[in-house]
Protein chains: 2
Amino acid sequence: MSVGRTPATMTEIAAALGVSSATVSNALSGKGRVSAELSAKIRQAAEELGYVPSHAARALRTGRTGVIGLVLPDISNPLFPQIAQAIEQAAASAGFGVLIADSRGEIAQQTAAIGRLIERGVDGMIVVPRRGSRIADIGTPVAIIDSPSTPGNTVSSDHWEGGVQMGRHLASLGHRKVLLIAHSRESNVQNDRIGGLKAGLGKDVCCETLWVGDLEASQGVGCALGLSARVADGFTGFAAVYDLLALRALTELQRDGIDVPLQASVSGFDDLVWSSVVMPPITTLRQDLATIAECAVEALGHAIGNGEAAAGSMIAARPDCDGVPMKLVIRQSTGPTMHSVVAAAAHARKDGR
Amino acid sequence: MSVGRTPATMTEIAAALGVSSATVSNALSGKGRVSAELSAKIRQAAEELGYVPSHAARALRTGRTGVIGLVLPDISNPLFPQIAQAIEQAAASAGFGVLIADSRGEIAQQTAAIGRLIERGVDGMIVVPRRGSRIADIGTPVAIIDSPSTPGNTVSSDHWEGGVQMGRHLASLGHRKVLLIAHSRESNVQNDRIGGLKAGLGKDVCCETLWVGDLEASQGVGCALGLSARVADGFTGFAAVYDLLALRALTELQRDGIDVPLQASVSGFDDLVWSSVVMPPITTLRQDLATIAECAVEALGHAIGNGEAAAGSMIAARPDCDGVPMKLVIRQSTGPTMHSVVAAAAHARKDGR
DNA sequence: TATAGTTGGTTAAACGATTAATCATCTTGG
DNA sequence: CCAAGATGATTAATCGTTTAACCAACTATA
């Protein structure tokens with residue numbers, strides 16, 4: 001199945017055709033001046049001999065490896081697969097390989113991971129920073145995927161506007177008392193989402209934020225969120241800032257015998273794999289990671305091409321990258337409140353229908 | 001924060017100390033014959049000048065890139081983060097970088113991805129094959145992570161034995177009618193788990209297998225599993241072959257007002273991130289991915305060292321890799337059946353306690 | 001008919017590390 | 001005191017591409 005052992009080199013092609021290796025290089029890269037016919041012959045010979053360019057030699061000569069690094073705060077983050085997939089795809093079609101580095105959530109590891117990537121000679125890096133951390137200026141082009149409020153070459157979803165969408169959705173369903181569920185106050189992304197949610201819900205809606213991180217600090221990780229008490233208090237909407245929290249909320253409510261969405265609506269962010277699979281499927285906001293990945297890779301590509309362009313201006317090239325819109329995916333975990341159903345029924349009755 | 005621009009080369013170190021570059025190379029690699037004192041001086045100079053070895057040059061000369069490829073059937077598989085993390089860690093400590101390639105579930109893409117990795121000159125690859133696919137013999141060392149029943153250089157968890165553990169656990173809780181929930185008949189892993197479950201449950205337990213893939217083929221993806229009807233039929237145990245299915249089962253049961261674990265027990269495999277977070281947390285089996293990753297990387301390392309050792313014997317080096325044991329994690333989604341609780345109570349009464 | 005400008009190609013020098021081959025010295029044993 | 005061996009370091013070739021510099025031959029220009 002596999003062809004001959006050592007893949008042919010340019011020199012071998014050159015020897016086979018009786019030309020110089022420089023000409024082969026020029027023909028294959030289309031750079032120098034080579035007659036059309038010779039160029040065609042060379043191309044054909046390369047094909048026949050099974051020529052495979054040596055990335056190592058090219059890297060040595062040009063100083064470019066054609067590899068970008070992907071630094072993740074914590075690979076086990078459930079959103080990571082989607083990010084990695086999107087980036088791998090975007091990078092592959094731009095001719096880059098993707099080297100991964102995991103920082104296991106620790107800031108020291110993040111620095112170490114970045115160092116390893118640099119030693120391996122990556123041409124640039126895409127970093128999803130650990131919550132609250134900033135990336136020091138390293139001598140390599142970097143694109144950051146985080147929230148738009150992070151300074152630097154950031155490309156990101158418009159988390160705020162996503163929050164607004166969800167807030168409006170919940171408000172329009174008649175919810176007037178909504179619990180916002182977040183984890184960490186340090187996360188730019190979470191703060192943006194919370195802000196957007198509040199804005200979208202509007203002034204008529206009473207909302208409160210539950211910081212699960214604080215709760216866990218006192219009651220231990222994995223503790224109950226105490227949501228049924230909230231339902232008793234009149235809360236009908238539970239808007240989590242990411243799907244894992246939404247799932248936690250959903251199952252806790254269901255375990256306590258509260259019907260979703262009849263008695264309470266639950267929503268999340270990110271559209272993780274399970275969100276569409278649980279019962280009821282979760283209403284959530286999907287990030288356009290393909291676009292984000294393309295932006296990041298493209299920006300890196302430019303920066304690399306220009307030989308480390310000014311850091312601040314990297315992303316600016318593509319205006320649609322500043323806040324990539326999120327898409328509201330409405331499923332069965334959100335629905336009208338009982339109150340609004342009753343009101344609608346009354347309204348219908350009054351209309352005589 | 002970052003040091004001077006172009007990192008020093010061996011030649012520069014040599015020039016600074018007035019020795020030859022070969023000596024520097026020997027001192028740093030500890031290979032040739034260099035006096036202890038000179039060696040120390042060189043090492044120090046390297047440190048001071050901020051020497052960073054050029055991977056490209058080394059790769060060109062030695063033919064080794066120090067990079068291994070990780071080919072995944074579908075990056076968006078929720079187990080992937082754990083696998084990637086484990087492999088990245090094992091590879092990093094063995095001095096390898098990890099280049100990722102996603103095959104998006106398609107067999108053609110898998111081949112293409114492998115091709116790209118080879119072109120980039122990876123020294124070896126770790127492949128998590130798409131269900132039911134076999135890896136053709138490429139001219140590069142390969143380690144496969146799948147089920148032990150896959151022929152070749154496979155390292156894997158002992159899925160069968162894991163199934164046995166879970167089967168015994170459920171049987172010991174008194175379950176006598178258990179529904180096994182799997183997705184695809186083509187998956188070796190799933191088949192192993194199913195087999196183990198049946199063996200562990202023993203002959204006294206009536207069990208049936210629900211193939212969700214078949215169900216979805218007729219009723220559409222994301223359809224209901226119809227589990228409450230099963231409960232009505234007397235099923236008390238629901239053993240899924242992976243956590244996503246378990247989650248699906250759990251939420252469906254809860255939505256239908258069935259109490260878990262009082263009326264039905266639910267179990268999964270893999271201990272994904274949400275399993276410990278939902279209410280009730282899910283009883284599952286955790287794979288020892290760290291060990292698996294170490295085995296795979298170590299095996300690759302040997303094969304690479306020997307210059308493509310005979311494929312079949314790669315893994316054999318480390319005997320504990322054939323079937324890495326899984327760890328049963330008992331949480332609150334499984335519990336004794338009502339029947340057994342009643343029986344125990346009766347038993348206690350009869351004992352006069 | 002010289003001269004300048006193209007066109008199509010070759011030469012040779014990098015890039016940075018590795019490594020076999022070689023060469024001085026310095027020890028030692030006989 | 002001399003040949004043989006050990007020790008410590010140097011030389012130079014090599015990996016496969018790229019690329020600046022150069023060159024020959026041909027075409028158009030004055």
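Labels below follow one simple rule: chain letters A, B, ... track the order of the sequence lines, proteins then strands, and each chain is numbered from 1.
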Please state how far atom CE in Met10(B) lies from atom P in dT10(D), giving the value in whole angstrom units. 14 Å
Rounded distance in Å - CG (Leu60(B)) to P (dC15(D)): 9 Å
Closest listed nucleotide, where the reference is the side chain of Asn26(A) and the choices are dT19(D), dG16(D), dT19(C): dT19(D)
I need the CZ-C1' distance between Arg64(B) and dT18(C), as an integer number of Å. 12 Å
Under 4.0 Å, heavy atoms only, any strand: does Val19(A) hit a base, just the sugar-phosphate, or nothing? sugar-phosphate
Sidechain-backbone polar pair: Asn26(A) side chain, Lys31(A) backbone, donor-acceptor under 3.5 Å: no
If you measure only the distance, is there a donor-acceptor pair under 3.5 Å linking the side chains of Ser156(A) and Asp146(A)? no
Have a look at Ser25(B) and say if it touches a base, only the backbone sugar-phosphate, or nothing, with a 4.0 Å heavy-atom cut-off. base
Thinking salt bridges, do Arg104(B) and Glu88(A) make one under a 4.0 Å N-O criterion? yes
Students often get this wrong, so: under 4.0 angstrom with heavy atoms, is Arg58(B) touching a base, only sugar-phosphate, or nothing? sugar-phosphate
Closest-nucleotide ordering on DNA chain D, the 5'-leading residue of Thr62(B) and Gly18(B): Gly18(B)
Just to be sure I understand the rule, does Ser54(A) reach a base, reach only the sugar-phosphate, or reach nothing, if contact means heavy atoms closer than 4.0 Å? sugar-phosphate
Atom-pair distance (CD1 on Ile42(B); P on dA17(C)), nearest Å: 13 Å
I want to check one thing: is the phosphate of dT19(C), taken as OP1 and OP2, less than 4.0 Å away from some side-chain N or O of Lys31(B)? yes
Is there a donor-acceptor pair closer than 3.5 Å between any side-chain N or O of Arg120(B) and the backbone N or O of Leu99(B)? no
Ala22(B) has its side chain closest, among dA12(D), dA17(C), dA9(D), to dA12(D)
Check every strand shown and say whether Ser35(A) touches a base, only sugar-phosphate, or nothing at a heavy-atom separation below 4.0 Å. sugar-phosphate
Rounded off to whole Å, could you give me the CZ-to-P distance for the Arg120(A) and dG16(C) pair? 18 Å
When all nucleic acid strands are considered with a 4.0 Å heavy-atom cut-off, which category describes Thr23(B): base, sugar-phosphate, or nothing? base
Report the distance from atom CZ of Arg33(B) to atom P of dT25(C), rounded to the nearest whole Å. 16 Å
For dT10(C) and Ser20(A) - does any side-chain N or O of the residue sit under 4.0 Å from the phosphate oxygens OP1/OP2? yes
Interatomic distance, Tyr51(B) OH vs dA17(C) P [rounded to whole Å]: 4 Å
Say whether, by atom type as modelled, one donor and one acceptor occur between the side chain of Gln82(A) and the main chain of Leu79(A) under 3.5 angstrom. no
Length of the line joining Glu12(A):CD and dT17(D):C1', which is rounded to integer Å: 14 Å
